[in-house]
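Report on the following structure.
The structure presented is a predicted model; accordingly, all values stated were derived computationally and were not measured.
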Amino acid sequence: MHWSGMERWLQKRCEEVHPGYGDGGKLRILGYQWRVLRFNDVTRQSTAKVMATYRENMPGVVYLMQQPRCLAVPYVKSMISAGLTTIASCNFDIISALQGKKNMHILCIGHGGGSLPLFLASQIQASIRAMGFPACSLKTQSGDQDVSKPETIDEIMWKGTHERICLYEADAEEFVVNSTNIYDMIFVDAYDGDDIFPHKLWRPDSTFLKALSNRLHPKHGTVVVNLHSDSDVLNLDTVPSALEQILPMGKYVSQVCGAYKDLLVGKGGSGLAFTVAVPWVCNTSLVVCRGFDKDSEYFNRDFVINTLITKSLELEYVMDLPFSCLEYLKRGFILV
């Protein structure tokens, strides 16, 4: 029912970005498709909905465009809901950022299919081709554009969005250590091909965490980490051998939470950390933030939750989100 409207949008974009491009044949929608990115035979790393289009005069060439507002994986919705709601509760004027009146600097460690950065970039005005991610966002190690000039079709589909995204292929630790940027938000979703969260990205004495602390805004910086939490197993001695093979991350969850809180907020520092359970899947979102008002005499778990709920309702309205933030905040809330 909506294809004709989308085709009109594509034609309008053609006229705006490259007048005359549509003279060789209008862009038509071939269909929509769910695509899955896998690291192995077991792990589904990313799921994205892509739109396939073609030009009337070249039906054999298909262009893919990932649909930014269609987030298929619950843990991504959880990271976005918990993260944006928290930074909005830390005296950061996120409304002005959403309206384009101020910049918001976000670092996403772990790209996968690109759903998280693409959603954020679109909201604030092998995976690139296969998952329909804008190829013109790819940067070299030095920070230069990997593609000197975006292809016409990329500009038509992504102009206004790809300028906000810089995609680097680099080691996370090296990138953070060498970076001089200060980020308002940092998202970490960096499981490797064996479905393991590398120790160097969460050990308390790691170079990565110390460097990450220096890159985070001192007054409102917020970090969101995706963790596998299939089981609340915290003691190695109680882990059945079969379970240990299936859930290699379970026993580390509490250690990861403690390390991030201590390094980014400090013991007794201004800020807090909490976790929320992700609905329908076995993941936990860890949120660590600086600047959350802890001076209130009523500061406790209920105070934090009520503050987040109030902000979540405001964000849902302003951003016209296609999902409920509250749904991803109310389940299994635990202060670290």
Side-chain angles (χ1 to χ4, degrees), residues 1-77 80 108 110-140 144-169 189 193 322-323:
M1 292 188 297
H2 302 288
W3 288 15
S4 59
M6 180 56 71
E7 288 177 345
R8 287 194 297 271
W9 178 83
L10 286 170
Q11 193 60 29
K12 182 180 178 182
R13 293 281 286 186
C14 287
E15 296 168 358
E16 293 174 349
V17 177
H18 278 277
Y21 179 78
D23 295 344
K26 293 183 179 181
L27 284 168
R28 298 295 189 187
I29 295 178
L30 181 64
Y32 289 83
Q33 182 182 49
W34 291 103
R35 290 204 163 197
V36 175
L37 180 66
R38 297 183 181 274
F39 285 165
N40 49 52
D41 292 336
V42 178
T43 306
R44 183 186 65 174
Q45 202 283 334
S46 298
T47 302
K49 184 179 182 180
V50 298
M51 177 180 70
T53 65
Y54 67 96
R55 293 181 67 184
E56 289 177 321
N57 63 334
M58 292 190 299
V61 180
V62 177
Y63 308 106
L64 300 179
M65 181 184 188
Q66 189 175 142
Q67 304 300 285
R69 286 175 61 82
C70 186
L71 298 175
V73 185
Y75 80 77
V76 177
K77 296 178 184 177
I80 289 173
C108 297
H111 180 262
S115 299
L116 180 57
L118 194 55
F119 176 87
L120 293 168
S122 64
Q123 284 293 136
I124 310 173
Q125 267 314 323
S127 65
I128 292 178
R129 292 301 184 192
M131 304 299 280
F133 192 88
C136 40
S137 298
L138 186 61
K139 307 291 182 181
T140 62
D144 299 324
Q145 269 197 312
D146 189 60
V147 180
S148 58
K149 189 176 186 300
E151 294 184 12
T152 300
I153 190 66
D154 279 332
E155 286 203 313
I156 290 172
M157 290 181 169
W158 296 114
K159 189 173 180 62
T161 297
H162 75 75
E163 297 93 338
R164 299 190 181 114
I165 301 177
C166 297
L167 174 61
Y168 297 89
E169 184 179 358
D189 182 16
F323 54 87

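- Among all heavy-atom pairs drawn from Gly114 and Gln66, the shortest one is C-OE1, 4.1 Å.
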Query raised in the report: Taking it one step at a time, do Asp189 and Val76 satisfy side-chain contact (heavy atoms from CB on, under 4.5 Å)?
Result: CA-CA 9 Å; Asp189 182 16; Val76 177; 5.6 Å; no

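- The shortest non-hydrogen separation linking Ala52 to Val62 is CB-CG1, 3.8 Å.
- Considering only heavy atoms from C-beta on, Val73 stays 4.5 Å or farther from Ser115 through its side chain.
- Considering only heavy atoms from C-beta on, Met65 stays 4.5 Å or farther from Thr53 through its side chain.
- When the side chain to side chain donor-acceptor pair (under 3.5 Å) test is applied to Tyr63, no partner is found at least two apart in sequence or on another chain.
- The heavy-atom pair separating Trp34 from Ala72 by the smallest distance is CZ3-CB, 3.5 Å.
- A donor-acceptor pair is defined here as one N or O able to donate and one able to accept, closer than 3.5 Å; such a pair exists between the side chain of Glu56 and the backbone of Lys26.
- The minimum heavy-atom distance linking Leu64 with Met157 is given by the pair O-SD, 4.0 Å.
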Report task. Test Met6 against Tyr32 for side-chain contact (heavy atoms from CB on, under 4.5 Å), laying out the working first. Result -> CA-CA 12 Å; Met6 180 56 71; Tyr32 289 83; 4.0 Å; yes

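- The OG atom of Ser46 sits 10.0 Å away from the CG atom of Leu116 when rounded to the nearest 0.5 Å.
- What you find for Leu10 and Ile156 is that their closest heavy atoms are O-CG2, 4.2 Å.
- How far SG of Cys70 is from CZ of Phe323: 11.0 Å, rounded to the nearest 0.5 Å.
- A pairwise comparison of heavy atoms in Leu71 and Lys77 identifies O-CE, 2.8 Å as the closest pair.
- Residue pairs satisfying the salt bridge (charged side-chain N to carboxylate O under 4.0 Å, His left out) criterion with at least one member in residues 4-13, sequence neighbours excluded, are listed as follows: Glu7-Arg28.
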